[in-house]
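Read through the structure below, which is laid out as structure tokens, and then see the notes.
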Amino acid sequence: MSAAVTMTQDEIRRRVEALGEWFHDMDLGGVRTAPNHFLWGYPEAKFKHFSHVVPADLTGKSVLDIGCNAGFYSLEMKRRGAARVLGIDSDDRYLAQARLASEVTGLEAEFRNLSVYEVGALGERFDLVIFMGVLYHLRHPLLALDLIHEHVAKDLLLFQSMQRGATEAMTPEGDYPFTETAHFDEPAYPKLHFIEHRYSNDPTNWWAPNAAAAEAMLRSAGFAILEHPEQEVYLCRRVEAPWGAGAAYPVKGPRA
């Protein structure tokens, strides 16, 4: 941890405002970054409900925060002693916000513009991967989980996704006869609700899994659920992926 940069509240406020609207409401030297957030105190207020499942001491550990936004979770992991924290996002404004938060707090983390689909380029595995609030923004959600498993997850995965539909998680049978279809209509059967246009006025909301689908996708990608501290949040461990799992890599043109 480096020393926090000394700035007046007015200086911090000017820099916060210059970076536009913030989704992470954080306290930076007495300046709240999103004081009018519709989920006041988000994500800190949410984290308090499941922070106990994250190791309190991350000394010597590495952390990858996928879809880091303004860096709240990245900086929280540095507070827990993580030796290396890398936050990635595909939005340069969010990354600039995260760098400012790191500068003001003195919590050193690296932030890079990188998509979840590009994590293979990192060439390293991390003790803890944070994948919070990203899955439902992806057109290819299971591919993202496969890529995380194949390239960057070493041990733990902290996962969250918006869920809609049944909150109870049905575990389907291992197989069903071709003529049996009734289970598909059960509300608790794993379902991904596809959003063709917008949801909550957000064109990046593509999928809304129910609870069973979120859990089934995690298992299918090779993540065993260890803890389910609150709705939508799971702490998982990377295990051997089941048969049929694995990232697919598209051919980028005709073969020579």
Side-chain angles (χ1 to χ4, degrees), residues 43 47 50-69 71-78 80-90 98 109-163 169 190 192 207 209 211 213-230 232-250:
F47 185 52
F50 61 88
S51 61
H52 61 281
V53 304
V54 180
D57 184 1
L58 291 172
T59 301
K61 301 296 186 180
S62 58
V63 178
L64 174 64
D65 185 3
I66 300 173
C68 64
N69 202 279
F72 171 82
Y73 290 107
S74 296
L75 301 184
E76 284 299 312
M77 299 309 109
K78 284 300 292 187
R80 295 181 180 224
R84 166 162 164 70
V85 176
L86 171 61
I88 64 172
D89 206 291
S90 56
E110 179 186 354
F111 297 100
R112 294 175 55 180
N113 189 315
L114 200 71
S115 158
V116 64
Y117 303 122
E118 300 172 302
V119 293
L122 293 173
E124 62 178 304
R125 291 190 180 273
F126 297 80
D127 297 296
L128 170 63
V129 175
I130 299 173
F131 192 46
M132 303 279 293
V134 180
L135 186 88
Y136 53 97
H137 293 300
L138 302 175
R139 282 184 66 94
H140 312 291
L142 190 56
L143 172 60
L145 286 171
D146 286 339
L147 289 167
I148 291 169
H149 185 277
E150 185 167 317
H151 294 289
V152 291
K154 182 193 297 184
D155 186 17
L156 297 178
L157 172 72
L158 182 63
F159 171 87
Q160 181 270 336
S161 172
M162 174 183 71
Q163 295 176 5
L192 269 176
W207 299 96
E215 296 181 18
M217 291 173 73
L218 287 166
R219 293 192 299 267
S220 179
F223 293 102
I225 297 170
L226 303 177
E227 303 273 0
H228 182 28
E230 71 162 8
E232 300 186 349
V233 177
Y234 303 87
L235 182 70
C236 307
R237 170 155 285 136
R238 184 188 188 276
V239 296
E240 183 177 352
W243 181 90
Y249 298 89

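In what follows, residues are counted from 1 in the order of the sequence shown. None of the values given here were measured: they were computed from a predicted structure.
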State, to 0.1 Å, how close [X] and [Y] come at their nearest heavy-atom pair, and which atoms those are.
X	Y	value
Phe126	Ser62	CA-OG, 3.3 Å
Ser220	Ala245	O-CB, 3.3 Å
Tyr73	Met132	OH-CE, 3.7 Å
Ala247	Leu147	CB-CD2, 3.5 Å
Ile225	Cys236	CG1-SG, 4.1 Å
His151	Arg125	O-CG, 3.5 Å

Between [Y] and [X], does any NZ, NE, NH1 or NH2 come within less than 4.0 Å of an OD or OE carboxylate oxygen?
X	Y	answer
Arg237	Asp155	yes
Arg112	Glu118	no
Arg84	Glu110	yes

Would you compute the distance between atom [atom1] of [X] and atom [atom2] of [Y] and round it to the nearest 0.5 angstrom?
X	Y	atom1	atom2	value
Arg219	Leu145	CZ	CG	12.5 Å
Lys61	Arg80	NZ	CZ	14.5 Å
Cys68	Phe111	SG	CZ	5.5 Å
Ile148	Leu135	CD1	CG	8.5 Å
Leu58	Glu76	CG	CD	11.0 Å

Donor-acceptor pair, distance only, cut-off 3.5 Å: does the side chain of [X] make one with the backbone of [Y]?
X	Y	answer
Trp207	Leu138	yes
Asp89	Asn69	yes
Asp146	Ala221	no
Arg238	Leu157	no
His228	Glu230	yes
Asp65	Ser74	yes
Tyr117	His140	yes

#### Entry: Intermediate values then yes/no, side-chain contact (heavy atoms from CB on, under 4.5 Å), Leu156 and Leu226
CA-CA 9 Å; Leu156 297 178; Leu226 303 177; 3.9 Å; yes

| task | Would you please classify the geometry between the Phe72 ring and the Phe47 ring as parallel, tilted or perpendicular, with 30° and 60° separating the classes? | result |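 The arrangement is perpendicular - the two ring planes meet at more than 60°.
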
- [ ] Start with the C-alpha distance between Leu114 and Ile66, add both sets of side-chain angles, then the distance that settles side-chain contact (heavy atoms from CB on, under 4.5 Å), and finish with yes or no.
- [x] CA-CA 9 Å; Leu114 200 71; Ile66 300 173; over 6 Å; no

>> With no hydrogens and no angle check, just 3.5 Å: does a side-chain donor-acceptor pair link Gln160 and Glu232?
In response: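 Distance-only check passes for Gln160 and Glu232.
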
task = Have a look at Leu64 and tell me which of Val85, Leu86, Ile130 forms a side chain to side chain contact (heavy atoms under 4.5 Å, CB included) with it.
result =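 Output: one option passes, namely Leu86.
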
- [ ] Give me the one residue out of Pro190, Ser161, Pro141 that meets side chain to side chain contact (heavy atoms under 4.5 Å, CB included) with Pro209.
- [x]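 Testing Pro209 for a side chain to side chain contact (heavy atoms under 4.5 Å, CB included) against Pro190, Ser161, Pro141 leaves exactly one candidate, Ser161.
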
